[in-house]
Every structure is written in structure tokens, then in C-alpha cells.
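To keep things clear, I will list the structure first and then write my remarks on it.
Every chain is numbered from 1, with letters handed out A, B, ... down the list of sequences. Because only heavy atoms are used, hydrogens play no part in the values below, and waters and symmetry mates are left out as well, while side chains stay in.
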Protein chains: 2
Amino acid sequence: MQPAAKRGRPQEADPRQIARIALGLFERHGFDRVTMGEIAEAASVSRRTLFRLFPSKSDLVWDGLDAVRDVVRQRAAALAGAELRVAGVLREFAEPFLRLLDAPEAAELARKRLRLLAAAPALLNHPPLREIEALIATTMAGRTSSGDTPPPLVARTLVAATFAALMWWAEHGEGMSALAATRAALGALAPTDET
Amino acid sequence: MQPAAKRGRPQEADPRQIARIALGLFERHGFDRVTMGEIAEAASVSRRTLFRLFPSKSDLVWDGLDAVRDVVRQRAAALAGAELRVAGVLREFAEPFLRLLDAPEAAELARKRLRLLAAAPALLNHPPLREIEALIATTMAGRTSSGDTPPPLVARTLVAATFAALMWWAEHGEGMSALAATRAALGALAPTDET
DNA sequence: TCAATTATGGCATCGAGTGCCAAAATGCAA
DNA sequence: TTGCATTTTGGCACTCGATGCCATAATTGA
């Protein structure tokens, strides 16, 4: 497959570069105190182009999540017929992602992003994140192995709890791994029946 | 204690009334499609006054959460010396609140609000909610009964998971009670150790 | 050279949220 | 009654995120 000679005007702006610049500014001055205009200027693009590449300020932080979502899509397709309990879903979806976070090269960048999330929780309102939820729910929907608890309910709660744990980890979990923090937090939630 | 003859100009605007009107508009047309200007006009106050009474659009939905926060404060103070596990925290804080939701009179209003939350997740970025988290964390902080899992981590995850479950319940949990949905969801999360 | 295509940037506009300030409506003191 | 302090109200202007429209630039293909 050749480079496939694109038709119109070639793209001059580099989205990854822009996102890196923005993340740097966010870290230095705080998410709220950096305006889209400043980012545009720092990245040498027009404000309008910046908004075309990143439809919302949040997208600058979530850059790369689309790739994660695609991995989740593939996994969901591959697991279409498998027998899974909730623990299995966590293992199949979340844990590989978490292990990725714990990789030495990626950990620092992940921490940066998650710290930003913790500081500006509005960032959680993000469509791709919702799609990941939906994919997990769909994967669980076929089977009743999780008892009579509706799979979409579990999926939604699972994603929310996982991200909450991750955000805490990014801010305060210096000593532990992302995976350990998440497992510990989820494990502690179960309401042992003492009425 | 007499009505205590207030000093300045008496307040003309009725916050509760305004919140009711706003909630009605949100339900009919959707949270995003109702502007603060429209709410102000419908409630016969100026836009500026509306923003003074409800500093953000979200506050119109969360109206009344301050009361819940105060109850949580009292409970936290009362439990200052008690021995509690996570299950106990859920019981002491969340369940009374959930039972309140399941009361026939309140259930419909609660559903309305939670449905709005689900439709506009940005609403979760709300300081009183964060304070409730902090109170639960503080209450748990003194004791090591929850193992070596840091209490703030559990508190944060617990609140996030509870609200996620509640929002699902508001949208799709027609048949069940809020309490049952939350208990089921949290119970399903525990990663049973099969690596 | 000309048309189709795609990226860019400028401009206007909307809506949330904030700061500033003048006017209105009260209680209280002189 | 007059004047003062106090509190609410509302108008105005402004910032910032986000969107729509349109002209222009840069490329490929005919």
C-alpha cells in the first residue's frame, strides 16, 4: 500500500505535537488557566484550526484514547463467545490497559494526564470513554454469569470505579502500581452482607 | 428566636421556585438546550440574579445536595470513634440516602435529577459532592480495618461507583430499588482472585 | 490551464460565567 | 422625617469555550 498521494492541501499542523505542547502548558499553569488562544499561539496554528483538530479542550488531554478504544473494540469482538464473569471482564479489558500504564516509559505521561483529570473532573464527560463503557456492557450482555445484575449496570459502575481509583493513584499513589491500586479499591467495595 | 428583622432589601426571588422551573425546562427540552437567559425569563428574574443564586447551571440540578452534605457531616461527626469496615461505611452513609430515594414521594424527583446527571455528566464536577467524598475518607482514615488499602482511595472509588450505579438506575432501573441496584453493582465489582 | 479536493485562518456569533456599579428597598439612628 | 448602613436586584461589559460560514491557499488529476 503506497503512501496513496493525498488529494487536497497537505496538513501542516501536527496534532501530536500540538497535544504535547498543550499538555506542557496545562502542567505548568493549570488546565483552566490556559486558553485555547494561548495554545494556538504556542503551537503556531490559528485558533480555528486548533478547534478543528481538537473539537474540545478536553480532547487535548484525552488524545490517544481513541487508540485504547480501538483495542477495546478488538478485544470485545474476540470475546464475543467466551464465558466471562465480572472478574474476567476486568482482567480482559482493564488490566492490560493498567499494565500499560505501569510500564516505566508510559507511567509518567499517564500520571500527568490522570492528574489533569483529577483536577478538572469535567474532563470525564468524554464520548470515547462512554463508548468503552458500552463495549464492555455489550460484551457482558450475552451471558448471565454475573447473576441477575444487569450487565450494563456493572459495566458503568466498573468503568466509573476504575477511573476514580486511577485518578487517586495518579495524585497520591506514589508507592504502588496502578493495577494494585485499582484491584485493592474494587476489592474493598463489596458490601459484605451484614445488613 | 424571632424572625430577626433582616436589615437590607428583602429577597424577592425564591430559589426553590426557580430550581423547580429550571428542572421542568430541562426535562422538556434537554439540559443543554435551555439557556440561563431562558430560565431567568421563565422565572422572572434577571440573568445576573439567577447566576448569583445559582453560580453554575449545574447548581440548578444539584439544588438540595447541600442538605445531604450536612447530614453526612453530622453522621461523620457521630461516627468519629466507631469501628467501621467498608461495608459499614456504605451502610452508614449511602444506604440511608438510598432509602430516602426509594421513598415513593421522592423517587420520581430523584429519578428526574439523576437522569439529568446521566445526560450531562459534566454535572458530576460539583464541589459539595467532592466534600462528601472527603468526609467519608476522613471518617475512615483513623482506622485500618479496611486492610492496607488507603481510605481516601476507597472513599473516592465508593462515591464514584455509587453515583454511576444510581445514574444507571435512574435511566433503566425501572423495576428495582435504588438500594438494590447499588448493592448489586458494588457486589459484582470485586475481582475474585483468579489472576 | 482548469477543476476538484482538502487544510487553513478570519470573522461573527452564541452561551456560560464574572466583575463592576448604580438603583431599589429595607431597618435603624439622629 | 431625614439620612445612613445594609442587602438585593439588574444592567453592562468582558472573557473564554465552542460553532458556523466563507474566502483563500496548496495540492492532485484531467
For the [atom1] atom of [X] and the [atom2] atom of [Y], what is their distance to the nearest 0.5 Å?
X: B/Leu158; Y: B/Phe163; atom1: CG; atom2: CZ; answer: 10.5 Å
X: B/Arg47; Y: B/Leu50; atom1: CZ; atom2: CG; answer: 8.5 Å
X: A/Trp169; Y: B/Leu153; atom1: CH2; atom2: CG; answer: 12.0 Å

> Looking only at side-chain N and O atoms, does B/Thr35 come under 4.0 Å of OP1 or OP2 in C/dG15?
Replying inline: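 No, no such contact exists.
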> Between A/Ser46 and C/dG9, is there a side-chain N or O to OP1/OP2 distance below 4.0 Å?
Replying inline: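 A/Ser46 to C/dG9 OP1/OP2: side-chain N or O found under 4.0 Å.
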Rounded off to whole Å, could you give me the [atom1]-to-[atom2] distance for the [X] and [N] pair?
X: A/Arg33; N: D/dG17; atom1: CZ; atom2: C1'; result: 18 Å
X: B/Phe51; N: D/dC12; atom1: CZ; atom2: P; result: 17 Å
X: A/Leu60; N: D/dA18; atom1: CG; atom2: P; result: 9 Å
X: A/Asp32; N: C/dT18; atom1: CG; atom2: C1'; result: 14 Å
X: B/Lys57; N: C/dG17; atom1: NZ; atom2: P; result: 8 Å
X: B/Ile18; N: D/dT9; atom1: CD1; atom2: P; result: 8 Å
X: B/Arg7; N: D/dT6; atom1: CZ; atom2: C1'; result: 6 Å
X: A/Asp14; N: C/dT8; atom1: CG; atom2: C1'; result: 16 Å

>> Between B/Asp59 and B/Ser56, is there a side-chain heavy-atom distance shorter than 4.5 Å?
In response: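 They are in contact (side-chain heavy atoms under 4.5 Å apart), so the answer is yes.
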Under the 3.5 Å rule, do the base of [N] and the side chain of [X] count as making a donor-acceptor pair?
X: B/Arg47; N: C/dG17; result: yes
X: A/Arg52; N: C/dG9; result: yes
X: B/Arg48; N: C/dG19; result: yes

>> Judged by each residue's nearest nucleotide on DNA chain C, which is more toward the 5′ side, B/Glu12 or A/Ser44?
In response: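 Looking at DNA chain C, the more 5' nearest nucleotide goes with A/Ser44.
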> Toward the 5' end of DNA chain C, which comes first, B/Pro10 or B/Ser56, by nearest nucleotide?
Replying inline: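 The residue whose closest nucleotide sits nearer the 5' end is B/Ser56.
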>> Using modelled atom types and a 3.5 Å cut-off, is there a donor and acceptor pairing between side-chain atoms of B/Asp63 and backbone atoms of B/Leu60?
In response: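 Judged by distance alone, no pair lies under 3.5 Å.
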>> The side chain of B/Arg9 is closest to which nucleotide in this list: C/dA16, D/dT8, C/dG10?
In response: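 Ranking C/dA16, D/dT8, C/dG10 by closest atom to the B/Arg9 side chain puts D/dT8 first.
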